[in-house]
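Note sheet for the following structure.
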Amino acid sequence: MAVAELKKELERVVEALVEEDEDDCNLEATDNAIQTLCALKDLKLKQNDQEFVKLKNLAFQEPPPEFKCPISGILMKDPVVLASGQTYEETFIRKWLKDGHQTCPQTDQPLSHTVLIPNLSIKKMITKWCKVRKIDTLKTSLTIDENHAENANREHLLELLENLSSSNISDQRNAAKELCSLTTRSPSFRALFGEIKVAIPKLFSPLLIDKAFSDARLHDDLAATVLNIATHESNKRAIVESSPLAVSFLIESLRHKNIQTRNHAVAALSELSTLDSNKHVIGKSGAIRPLIELLKEGHDPLALKDVVSTIFNLCTVIENRAIAVSEGAVVVIIDKIFDCVFINEMLELLAMLSSNQRAIDEMEERGMLFCLFGILKETTTSNRNKELCVAIIYAVCFSDRSKLRKISEMENAYEILSRVARTGSSRAKRKATGILERLNRNHQSQSMSGNDREKEFSRLIQIVDYQTRRIEYWRSGATHNGEVIQVRAQKFKQEFAIDIMEAVACREGLKLANELQLEYVEVETDCKILVQSYQRHQANLTYLGRVIDDIRELCSSIRSCVIRYIPRSANLMAHHLARFAFSNLSCNVYSGLYPPELLHLIPEDELVSSF
C-alpha cells in the first residue's frame, strides 16, 4: 500500500475514534489505527534505507580516471599540466622532477621544460563532481577568514626567514627545506616574497650565502627556493634589484658539484632573464661564461634546455652577444649542431649571434657554411630550421664580401638557395632571394672590364645637408669636382629633429649606392651626432637608433663604406641644394647634373673642398 493510501486510512480510523463516546471504547478501531501507523512507519523506514544506500553509493563512487593523478591514483586537488600535455597532481609531479626524472611518467617523452601550468578546467570539473557527492576532501587554500590565513602565512614566512639567520645549522637547514616546500606548493606563498620588502634581502643575507657555499643541503634548498619565487612574475625584478647577491649566488651555483643545484640555478636564471631590465645586470655579472661551460658539458638534457633559453634571452641585448662570442659560444654551438644536439635551439642561438663579425669569422673557420647547406639539403628539415639556416647565410653574405665566392660555389653545386627561394616559407624565400641577388651582383662586378672597375672605384656618395625639417636632399657624384650621378629630394609629412633627418638622408643615400651597385662609398655629413651614434655601436631603441641600425646593415653590404664628419664650410653645394629644394618642390630628382640654378656654386664648392 502506498504512503498516501495509508495516510487516508489512518485519517479515517482516527476520525472514527474521535467520534466515539468516552464510555464506548471500540478496541477494533484502535487496533486498526495502531496497525496503520506501524505500516506507515515501516514504509517510511524502507524508503529512508533506499535513499541512504543511494547516497552511500554516490559518495563512494570511483572517480573518473581523468580526475585521478596517474602517479598516485588519488583524486587530484591541484592538477597541473606537464610539458608533454599530461595532467598530474602538482605535489607528485614536482617530486618526480625533483628526483631527477627528465621524461613524462606516462608517455616517457623527453620534457622540453619543467614549467607546470595549472589545469583549471579539470580542477573545476573535479570540484563540481565532489560537490554533487558532498565530498569535502577537495578544499581550496582559501578559508572563510582569508585575512587571518594571509596574516598567518606572513608571520610564518618571517619566522622561517629569522630561522635562516640562526647560528644553528640545523635550524637553518629545516627553515630552508620548509621554504622550498612551501614555495613549491603555494603560489600565494611565493607572492609574499614580493609583498614583504625584507623577505628577499633576508634570503640573500651575506652570512647565509657564505654558510650555503659550505653546506650542500642548504645550498640546494636555497637555489630551489629562488627558482620557485622567480616563477612569480612580480618577483623577477625584485630579486635582482633588492639584493646584489642574488645574481652572484645563482652564478656561483652554476658551478656547484651537485647537478640538481646547478639545474635549479639555471632554471632560476632562465626565469629572471625574461625581464629586459634584468638582462643587462645578469650579462654584466659574469653569468654568460659558466652558462657556456654548462652548454659545452651538456650532460643533462633538461638543464640544457634552460641553459640555451637563458643564453638566448641574454643575447637579445647587443652587448651580451659580444660577451657570448668572446667567451667561445659560437664554437660550442657549432659543435652541438655537428653532434645533432638540439639543432633547432642551437640554430636559433647562432642566428642571434650572426650579427657579430667575430662570430661570422668563427663560423667560417669551423666550416659552418657547408653544414648549413647540408641542413638545407635534407628533406626532413623543418621550415623553421630552413629559415634559420638561410638567415645565418644571409648575415654572412651581407657582412663579409670575402665569403661570397664560397657561398656562390656551394650554390652552383647544389642550387639549394634557389630551391628555397621557390618553395620555402615567405621569410625563407625573402632571405634566399636577397642572397641570390647579392651573388648575381657580385658576379657581374667581377666580370666588368678593368676600366669599368676603375671607374666604379672612383664613384662616391655624398650626403648633403638641409636647412628645413620638412625637406631633405641627397646627391651622388663621382668626385668633389666630377660628374653628378643623381640628386634627389623627398618631402616628409611630419616634422623630425635635424639629426633624424640627416640620418634618414644618409640611409637613403646608401640605398641609392646599393641600387647602383657601388663598391666604394664615402658619406660626408656635418652632423656630429650622426657620426658619433654610428661609431658608438651601442643599443639605441629610439627612432634615430633604428635608422642607425639600418645604416649599419646597408654599409655592411658595400665593399668599402666610410661615414665621416665634415664642417658646413666644406659642404656648400649640399647646403645650397637643401635651400633650393625648399623653394622648388616641383622637381625632386636630377640625374647626371646639378640644378641649373646652382651651377655657379660648383667652383666655390671645389675650392673649399680642396683645403
Side-chain angles (χ1 to χ4, degrees), residues 112-113 115 230-231 233 235-241 246-247 250-251 254 265-295 303-334 336-337 342-360 362-363 384-385 387-396 398-399 427 431 533 536-553 556:
S112 58
H113 59 79
V115 177
T231 59
E233 196 65 31
N235 291 339
K236 297 183 191 298
R237 185 188 300 273
I239 290 173
V240 175
E241 293 182 353
V247 175
L250 292 174
I251 292 173
L254 294 176
V266 170
L269 285 172
S270 179
E271 290 287 344
L272 297 176
S273 63
T274 59
L275 200 64
D276 288 340
S277 60
N278 289 346
K279 295 174 184 178
H280 296 273
V281 178
I282 296 173
K284 292 178 181 178
S285 300
I288 295 178
R289 173 178 285 184
L291 285 169
I292 293 173
E293 291 173 355
L294 287 177
L295 180 64
L304 195 59
K305 285 276 189 179
D306 287 329
V307 170
V308 175
S309 172
T310 307
I311 296 175
F312 185 87
N313 291 340
L314 295 177
C315 285
T316 56
V317 176
I318 294 176
E319 292 84 352
N320 289 341
R321 293 180 205 172
I323 296 173
V325 173
S326 65
E327 296 292 353
V330 175
V331 175
V332 174
I333 292 169
I334 291 174
K336 293 296 178 185
I337 293 175
F342 293 146
I343 292 180
N344 177 261
E345 289 79 2
M346 298 304 162
L347 287 175
E348 292 273 8
L349 267 180
L350 201 60
M352 174 74 74
L353 298 177
S354 63
S355 60
N356 184 283
Q357 184 58 48
R358 179 175 171 181
I360 290 175
E362 291 181 359
M363 280 190 267
R384 179 55 183 162
N385 283 354
E387 289 177 359
L388 293 170
C389 289
V390 175
I392 297 169
I393 297 172
Y394 184 91
V396 173
F398 280 85
S399 65
R427 184 186 180 196
K431 293 286 186 181
S533 299
R536 195 171 291 129
H537 290 285
Q538 291 182 352
N540 188 339
L541 301 180
T542 64
Y543 182 76
L544 175 62
R546 294 198 294 271
V547 178
I548 294 294
D549 288 341
D550 292 342
I551 291 172
R552 290 196 183 99
E553 184 174 354
S556 68

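Test Leu295, Leu250, Leu254 against Pro290 for side chain to side chain contact (heavy atoms under 4.5 Å, CB included) and you get one pass: Leu254.
A heavy-atom distance below 4.5 Å is found between the side chains of Val115 and Glu271. Using a 4.5 Å cut-off on side-chain heavy atoms (C-beta onward), Ile288 and Ile311 make no contact. Proximity of Arg384 to Glu348: side-chain heavy atoms (C-beta onward) are separated by under 4.5 Å at one or more points. Between Ile323 and Asn320 there is a side-chain heavy-atom pair separated by less than 4.5 Å. Leu347 has its side chain within reach of Cys389: a pair of non-hydrogen atoms, C-beta onward, lies under 4.5 Å apart. Put simply, the side chain of Met363 reaches to within 4.5 Å of the side chain of Leu350, judged on heavy atoms. Under the 4.5 Å side-chain criterion, counting only non-hydrogen atoms from C-beta, Leu291 is in contact with Leu314. At a threshold of 4.5 Å between non-hydrogen side-chain atoms, the residues Leu272 and Asn313 do not count as touching.
Relative to the six-membered ring of Phe342, Lys336 misses at least one condition, a distance below 6.0 Å or an angle of at most 45° to the axis.
Between Ile292 and Glu327 the shortest heavy-atom distance is CD1-CB, 3.6 Å. For the residue pair Thr310 and Val266, the shortest heavy atom distance occurs at OG1-O, 3.7 Å. The shortest heavy-atom contact between Leu294 and Leu304 is O-CD1, 4.2 Å.
Side chain of Asp306 to main chain of Ser270: no donor-acceptor pair is present (N/O by atom type, distance under 3.5 Å, no hydrogens or angles). The main-chain N or O of Leu353 is never found under 3.5 Å from a side-chain atom of Arg321 such that the two would form a donor-acceptor pair. When atom types are taken as modelled, the side chain of Asn385 and the backbone of Ile343 share no donor-acceptor pair closer than 3.5 angstrom. Without hydrogens or angle criteria, Lys431 side chain to Ile393 main chain gives no donor-acceptor distance under 3.5 Å.
Taking CD1 of Ile551 as the start and OG of Ser556 as the end, the distance is 12.0 Å to the nearest 0.5 Å. Atom CG in Leu388 sits 6.5 Å away from atom CZ in Arg427 (nearest 0.5 Å). Interatomic distance, OG of Ser273 versus CG of Asn278, reported as 8.5 Å (0.5 Å rounding). Between the NE2 atom of His280 and the CD atom of Glu319 there is a distance of 6.0 Å, given to the nearest 0.5 Å.
Lys279 is linked by a side chain to side chain donor-acceptor pair (under 3.5 Å) to Asp276, Thr316, counting only residues two or more places apart in sequence or in another chain. In terms of the ring-ring contact (aromatic ring centres under 6.0 Å, His included) criterion, residue partners of Phe398 (sequence neighbours excluded) are, by chain and number, Tyr394.
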Does the salt bridge (charged side-chain N to carboxylate O under 4.0 Å, His left out) test come out yes or no for Arg358 and Glu362, once each step is laid out?
-> CA-CA 6 Å; Arg358 179 175 171 181; Glu362 291 181 359; 3.3 Å; yes
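Defined by atom type and a distance below 3.5 Å, a donor-acceptor pair is present between the side-chain atoms of Arg237 and Ser277.
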